[in-house]
Amino acid sequence: MKRKLIAANWKMNILRDEAEILVNSIVDSVNFPLECDVMIAPPYTCLDIVRKCIVNTDIELGAQDVFWEDKGAYTGEISPSMLIDAGCEWVILGHSERRAVIGESDNVIEKKLKKALRKDLKVILCIGETESQRIQNRVSEILGKQLTGVLGEIESEYSEKIAIAYEPVWAIGTGVNAKSEQILEAHSIINDNLIELFEKDAHNIRILYGGSVKENNIKEIVSIKNVDGALVGGASLESVSFKRIIENSGVC
Ligand code: PGA
């Protein structure tokens with residue numbers, strides 16, 4: 001049984017003072033050692049504050065994006081080495097908001113993922129179908145395309161550093177999480193694709209669910225086959241909710 005991973009994606013939501021209060025209140029309320037892996041991905045501007053507050057805990061730090069080059073004339077970008085320098089162990093890539101709002105393609109995400117892995121960051125790769133793609137029965141096609149498009153050339157030795165987050169776009173921030181049978185089906189499709197890509201090393205890759213995860217649905221979600229944790233947006237911005245999500249995902 002894989003250890004569950006609960007990852008907080010704070011998105012572009014929080015200022016430094018608020019981040020300090022939130023992370024301190026999470027640290028004060030959870031029991032250490034944690035029974036699952038926990039990662040927090042604040043905005044870049046809060047990385048140092050969050051790092052300082054989690055330094056003596058087993059909570060890990062992540063960023064919400066990274067660039068595919070490591071140094072040079074790329075105004076506004078942040079490199080993998082800079083993230084490591086800031087204390088990050090993780091980076092989230094391919095979030096649907098970046099795909100939809102910034103226009104990131106699988107090709108761009110692949111370049112970022114390759115560089116991040118080679119620089120020793122762990123990656124949560126987000127994939128998921130839109131509502132219209134689901135209505136058109138294209139879930140399997142879309143998930144397969146996003147996985148092979150980004151992971152097709154990744155060597156198996158990197159499998160331990162990869163997690164996939166299945167995030168149906170229609171469930172993100174809507175308060176409507178995917179139903180258990182939909183999660184079961186999507187995670188099994190993902191698992192099959194990972195076996196095609198990584199063969200026996202596929203089992204190293206955790207598959208998270210994301211999209212309106214809350215304290216009242218996490219227990220059911222993490223009990224579904226092939227669900228190895230969750231990527232949590234809105235509910236990770238509230239310490240009591242996030243603590244309950246961690247507590248309810250631990251010993252599964
Ligand atoms: P949500 O966001 O939990 O607010 O739905 C999840 C995500 O975007 O990763």
Side-chain angles (χ1 to χ4, degrees), residues 2 5 7 9 39 41 62-70 74 77-81 83-84 88-130 132-134 136-169 172 182-211 225-229 231:
K2 293 170 209 164
L5 169 62
N9 175 10
M39 182 277 264
Q64 299 171 21
D65 189 36
V66 75
F67 193 56
W68 64 75
E69 295 289 350
D70 213 42
Y74 303 103
E77 295 297 338
I78 304 275
S79 75
S81 297
L83 291 188
I84 290 166
C88 290
E89 291 179 57
W90 287 92
V91 63
I92 298 172
L93 290 177
H95 192 282
S96 69
E97 287 148 15
R98 296 200 61 82
R99 293 178 191 258
V101 182
I102 319 285
E104 279 193 11
S105 62
D106 285 336
N107 187 251
V108 162
I109 299 162
E110 179 192 23
K111 288 206 275 184
K112 293 181 170 187
L113 181 128
K114 281 183 174 165
K115 190 59 144 204
L117 289 175
R118 288 188 183 132
K119 286 287 166 179
D120 227 17
L121 284 164
K122 295 181 276 191
V123 172
I124 296 181
L125 168 65
C126 302
I127 59 171
E129 82 286 357
T130 62
S132 68
Q133 289 164 339
R134 175 165 281 275
Q136 293 160 26
N137 265 323
R138 294 177 60 206
V139 176
S140 179
E141 170 207 331
I142 298 297
L143 297 181
K145 208 161 118 278
Q146 291 173 334
L147 284 168
T148 44
V150 179
L151 297 176
E153 292 175 9
I154 302 299
E155 298 86 351
S156 286
E157 65 189 88
Y158 290 112
S159 58
E160 283 174 9
K161 295 185 166 293
I162 300 171
I164 307 296
Y166 168 59
E167 298 206 301
V169 178
I172 296 176
Q182 294 171 320
I183 299 176
L184 179 69
E185 188 197 14
H187 280 234
S188 141
I189 293 167
I190 293 167
N191 198 40
D192 290 348
N193 274 278
L194 293 176
I195 291 170
E196 287 262 307
L197 289 165
F198 295 100
E199 300 175 353
K200 63 175 183 5
D201 292 316
H203 77 268
N204 293 327
I205 302 179
R206 288 181 284 191
I207 310 174
L208 318 181
Y209 167 78
K225 187 171 176 222
N226 290 325
V227 176
D228 305 308
L231 180 55

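Since we're looking at a predicted model, the values are computed, not measured.
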Full working for side-chain contact (heavy atoms from CB on, under 4.5 Å) between Ile124 and Trp90
CA-CA 7 Å; Ile124 296 181; Trp90 287 92; 3.7 Å; yes
Apply salt bridge (Lys or Arg N to Asp or Glu O under 4.0 Å) to residues Lys115 and Asp70 and explain how you reach the verdict.
CA-CA 8 Å; Lys115 190 59 144 204; Asp70 213 42; over 6 Å; no
Please assess Asn9 against Gln64 for the test side-chain contact (heavy atoms from CB on, under 4.5 Å), listing each intermediate value before the final yes or no.
CA-CA 7 Å; Asn9 175 10; Gln64 299 171 21; 3.7 Å; yes
Steps toward side-chain contact (heavy atoms from CB on, under 4.5 Å) verdict (Ile127, Ile190):
CA-CA 10 Å; Ile127 59 171; Ile190 293 167; 3.8 Å; yes
Trace of the salt bridge (Lys or Arg N to Asp or Glu O under 4.0 Å) decision for Glu141 with Lys145:
CA-CA 6 Å; Glu141 170 207 331; Lys145 208 161 118 278; 5.5 Å; no
Glu167 and Leu231: CA distance, side-chain angles, deciding distance, side-chain contact (heavy atoms from CB on, under 4.5 Å) verdict
CA-CA 8 Å; Glu167 298 206 301; Leu231 180 55; 3.5 Å; yes
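Panel note: side chain Gln146, backbone Gly128; a donor-acceptor pair is recorded below 3.5 Å. Not a single donor-acceptor pair under 3.5 Å links the side chain of Arg134 to the backbone N or O of Pro168. Side chain of Gln133 to backbone of Thr130: a donor-acceptor contact under 3.5 angstrom is found.
Of all non-hydrogen atoms in Lys119 and Ile84, the two that sit nearest each other are O-CD1, 2.8 Å. Nearest heavy atoms, Val108 versus Trp68: CG1-CZ3, 3.9 Å. Heavy atoms only, all atoms of each residue included: Phe67 and Pro80 are closest at O-CD, 3.5 Å. Taking each heavy atom of Val66 and Ser79 in turn, the nearest pair found is CG2-C, 3.5 Å. Between Gly144 and Asn193, the closest heavy-atom pair is CA-OD1, 3.6 Å. The minimum heavy-atom distance linking Val150 with Asp106 is given by the pair CG2-O, 3.7 Å.
The shortest side-chain heavy-atom distance between Asp120 and Lys161 falls under the 4.5 Å cut-off. Between Ile92 and Met39 the shortest side-chain heavy-atom distance falls below 4.5 Å. A heavy-atom distance below 4.5 Å is not found between the side chains of Cys126 and Leu93. Taking 4.5 Å as the limit, every side-chain heavy atom of Val169 sits out of range of all side-chain heavy atoms of Glu129. By the 4.5 Å heavy-atom criterion applied to side chains, Leu194 and Leu151 are counted as neighbours. Inter-residue side-chain proximity for Lys225 and Leu184 is flagged as met; some heavy-atom pair is nearer than 4.5 Å. Counting heavy atoms from C-beta on, the side chains of Val91 and Leu83 come closer than 4.5 Å. Here the side chains of Glu77 and Glu69 are not in contact, with every heavy-atom distance at 4.5 Å or above.
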Listed pairs under 3.5 Å, donor-acceptor, residues 195-211 side chains, sequence neighbours left out:
{"unit_1": "His203", "atom_1": "ND1", "unit_2": "Lys200", "atom_2": "O", "d": "2.6"}
{"unit_1": "Asn204", "atom_1": "ND2", "unit_2": "Ser159", "atom_2": "OG", "d": "2.9"}
{"unit_1": "Asn204", "atom_1": "ND2", "unit_2": "Asp201", "atom_2": "O", "d": "3.4"}
{"unit_1": "Arg206", "atom_1": "NH1", "unit_2": "Arg3", "atom_2": "O", "d": "2.8"}
{"unit_1": "Arg206", "atom_1": "NH1", "unit_2": "Asp37", "atom_2": "OD2", "d": "2.8"}
{"unit_1": "Arg206", "atom_1": "NH2", "unit_2": "Asp37", "atom_2": "OD2", "d": "3.4"}
{"unit_1": "Tyr209", "atom_1": "OH", "unit_2": "Ala178", "atom_2": "N", "d": "2.9"}
{"unit_1": "Tyr209", "atom_1": "OH", "unit_2": "Gly211", "atom_2": "O", "d": "2.7"}

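Considering His95, Lys112, Arg99 as possible partners of Glu104, the one that fulfils the side chain to side chain donor-acceptor pair (under 3.5 Å) test is Lys112.
With rounding to the nearest 0.5 angstrom, the CG atom of Leu113 is 10.5 Å from the OH atom of Tyr158. Atom CD1 of Ile142 sits about 11.0 Å away from atom CD1 of Ile189, to the nearest 0.5 Å. We find the CG-CG distance between Leu125 and Leu147 to be 6.5 Å, quoted to the nearest 0.5 Å. Rounded to the nearest 0.5 Å, atoms CD (Glu110) and OG (Ser105) are 9.0 Å apart.
By the 6.0 Å contact criterion, CD on Glu160 is open, its count of non-hydrogen atoms from other residues, nucleotides or ligands being 12 or less. Within 6.0 Å of CD on Glu155 lie more than 12 heavy atoms contributed by other residues, nucleotides or ligands.
For Asn226 and Ser188, the side-chain atoms include no donor-acceptor pair closer than 3.5 Å.
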